[in-house]
Amino acid sequence: MHAQVGIIGAGPAGLLLGHLLHLKGIDSVIVENRSQDYVIDRVRAGVLEQGTVDLMIQMGVGARLQREGLRHEGLYISFSGRRHHIDLAELTGGKAITVYGQNEVVKDLIDARIATGRPVYFEAANVSVHDIDSPRPKIRFQKDGRNQEIACDFIAGCDGFHGICRPSIPEGSIKIYEREYPFGWLGILAEAAPSSEELVYTYHERGFALFSMRSPKITRLYFQVPPAEDIGNWSDDAIWDEMLIRMTTRDGWKPNTGRILQKGVTPMRSFVAEPMRYGRMFLAGDAAHIVPPTGAKGLNLAAADVMVLAQAFARFYQQNSTQLLDQYSDICLRRVWKAQRFSWWMTSTLHRFPGETEFDYRRQLADLDYLIGSRAAMTSLAENYVGLPMDVPLV
Ligand code: FAD
Ligand code: DHB
């Protein structure tokens, strides 16, 4: 087999890249080690930046997102028992975020991929990359017990944080910047109508909590737990007790409760690999960088990366120029580091750290009190939350 671009991973990064390349007439093969159902059912992100929504619409894959996505023009920051509204749209000249599950995004993109007739292999075993610093890099894998090889012009490593692309780069050729946080998030999906139309980020003396949703009938909630917390330690009743203690405000607002449909614990990490390229292999999305989820940036960063990468491939094939490919990593990393900064700030401001002092607690409360009292501070949060400008045109 041959492909202009061999894409490893059918998460948001790989699928968006495949479709952007299709629209530009560039052929690709997508190789994914999990099954189609597994990839679609994986419950993860929910918040799409304005730019990610615009991208989906301009790519022609935004119809269901426009129908079913929940546009939010504001959010709440809650502390000391009070919710404070931040008007994202008013502070950013009309921008908003849209709540639409990552699994819905992935489902729409898989449907679009299949409709193009271009290849996507699920359940590919033993995926590996070869000759990545040569003009003809290769992807090898096994499908239904048979060995396959794809000779490519380029490889896009879109295989997430635990993938094989980044570890295939020789040691010393990329630099890693990393921070682990001393907590994780316990997250649930619940069969309960959302009791607020907008997200509520809560700072409580027992730790962070977040109210979100997926649809008019489904609530999505998280709270901070120790990093290696065993979900088995948490009965459904205990989860609801803790959610309600942290989230209930003095005016009586609290999430509606209901049957818990799914639960799990996610670790928190900041991670950047620089540069996002080795030879003819380009890393995009979580394969290159991870942010703690507090800023809701991970999926959106993946979308921003592949927008740049698709344009760079187009420039190569249409104008025989490697200029944008050579700039790919620098262009992405400028935005990635700003998202890292924002995600780190949201995380540090809203979580309790083990061993922190009374001074730290008071300082954090003052940080939040300053935030909700200052238009400048709220504008800074709002423009980062709805998404910083993309550095290239959309499609
Ligand atoms: P992935 O989604 O990880 O996709 C990589 C794909 O590669 C996967 O399908 C994987 O199966 C496949 N793969 C892995 N190894 C191989 C291999 N060896 N061979 C072939 N295929 C392979 N982000 C936001 O923007 N907003 C949010 O609100 C948000 N909330 C989150 C909440 C939680 C609980 C979590 C866990 C994450 C959240 N994120 C959020 C982050 C977001 O989910 C990720 O940043 C996003 O999935 C990155 O997309 P990706 O395509 O780069 O990687
Ligand atoms: C959701 C996840 C996040 O990480 C976040 O910051 C906001 C919302 C969600 O899953 O809905």
Side-chain angles (χ1 to χ4, degrees), residues 6-18 30-36 38-49 51-52 70 72 75 97-103 105-106 109-110 120-129 139-143 156-168 184-189 194 198-201 208 210-215 218-222 262-269 271 283-306 339 342-343 346-347 350 385 387:
I7 300 174
I8 305 191
L15 291 164
L16 280 168
L17 179 63
I30 303 180
V31 180
E32 162 66 50
N33 64 351
R34 302 287 194 158
S35 72
Q36 184 170 339
Y38 181 92
V39 170
I40 291 174
D41 290 340
R42 200 163 35 193
V43 180
R44 283 174 147 191
V47 171
L48 305 186
E49 290 176 359
T52 308
L70 307 168
H72 288 194
L75 57 76
I97 53 115
T98 297
V99 172
Y100 189 65
Q102 176 169 333
N103 43 336
V105 172
V106 165
L109 290 169
I110 289 177
V120 46
Y121 294 96
F122 290 98
E123 297 176 82
N126 300 318
V127 181
S128 58
V129 292
I139 301 173
R140 294 198 187 118
F141 60 99
Q142 280 136 26
K143 176 73 188 156
C158 301
D159 52 349
F161 186 65
H162 299 288
I164 50 97
C165 290
R166 194 183 62 252
S168 305
W185 279 11
L186 186 156
I188 62 166
L189 264 188
E198 293 174 341
L199 270 59
V200 185
Y201 285 84
F208 172 81
L210 170 60
F211 169 92
S212 181
M213 66 203 68
R214 282 294 176 275
S215 74
I218 303 288
T219 297
R220 174 90 171 132
L221 302 168
Y222 302 94
Q262 188 266 349
K263 55 183 174 180
V265 174
T266 317
M268 310 262 282
R269 163 184 288 124
F271 177 98
L283 302 176
D286 278 15
H289 40 73
I290 295 280
V291 284
T294 328
K297 290 280 160 254
L299 189 164
N300 296 295
L301 281 179
D305 287 353
V306 297
F342 177 67
S343 304
M346 284 281 279
T347 304
L350 290 164
Y385 197 78

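Every number for a ligand or one of its atoms is a count from 1 in the order of the listing.
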Exercise. Any N or O on T266 sitting closer than 3.5 Å to an N or O of ligand 1?
Worked result: no
Exercise. Any N or O on I8 sitting closer than 3.5 Å to an N or O of ligand 1?
Worked result: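 Between I8 and ligand 1, no N or O pair is found under 3.5 Å apart.
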Could you state the interatomic distance from [atom1] ([X]) to [atom2] ([Y]), rounded to the nearest 0.5 Å?
X    : Y    : atom1 : atom2 : answer
L70  : R214 : CG    : CZ    : 10.0 Å
F208 : T347 : CZ    : OG1   : 8.0 Å
F122 : Y38  : CZ    : OH    : 13.5 Å
L350 : Y201 : CG    : OH    : 8.5 Å
Q102 : L109 : CD    : CG    : 10.5 Å

Find out whether [X] and [Y] are in side-chain contact, i.e. whether some heavy atom of one side chain is under 4.5 Å from a heavy atom of the other.
X    : Y    : result
T294 : S343 : no
L199 : V47  : yes
V120 : I110 : no
L210 : W185 : yes
Y121 : I139 : no
E32  : V39  : yes

Nearest protein heavy atom with distance in Å, relative to [atom]:
atom                    : answer
atom 4 (O) of ligand 2  : P293 O, 2.7 Å
atom 11 (O) of ligand 2 : S212 OG, 2.6 Å
atom 1 (C) of ligand 2  : Y222 CE1, 3.8 Å
atom 27 (C) of ligand 1 : A45 CB, 3.1 Å

Taking 4.0 angstrom as the limit and counting only heavy atoms of [X], give me the atoms of ligand 2 inside it, by number and element.
X    : result
V47  : 7 (C), 8 (C)
L210 : 3 (C), 5 (C), 6 (O), 7 (C), 8 (C)
L199 : 7 (C), 8 (C)
R44  : 10 (O)

Could you tell me whether [X] approaches ligand 1 through its side chain, its backbone, both or neither, with non-hydrogen atoms closer than 4.0 Å?
X    : result
F141 : neither
N33  : both
V127 : side chain
C158 : backbone
E32  : both

Which pair of heavy atoms, one from [X] and one from [Y], lies closest together, and at what distance?
X    : Y    : answer
Q262 : R220 : OE1-NH1, 3.5 Å
S35  : E123 : CA-CG, 3.5 Å
T219 : S212 : CG2-O, 3.5 Å

Problem set entry | Identity of the nearest option to atom 5 (C) of ligand 2, non-hydrogen atoms only, from Y100, F211, Y201 | Y201
Only heavy atoms of [X], strictly under 4.0 Å: list the atoms of ligand 1 that pass.
X    : result
G163 : 15 (N)
K297 : 24 (C), 25 (O)
V31  : 20 (C), 21 (N)
G285 : 52 (O)

Problem set entry | ligand 2 versus T294: contacting region, heavy-atom distance under 4.0 Å | backbone
Exercise. How does A296 reach ligand 2, by side chain, by backbone, by both or by neither, if only non-hydrogen atoms under 4.0 Å count?
Worked result: both
Exercise. So is R214 in contact with ligand 2, going by heavy-atom distances below 4.0 Å?
Worked result: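 Contact check R214 vs ligand 2: positive.
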Seminar exercise, completed: The complete set of salt bridge (Lys or Arg N to Asp or Glu O under 4.0 Å) pairs with one or both residues in residues 289-300, sequence neighbours excluded, reads E49-K297
So is [X] touching ligand 1 or not, going by heavy atoms under 4.0 Å?
X    : value
G187 : no
F161 : no
R42  : yes

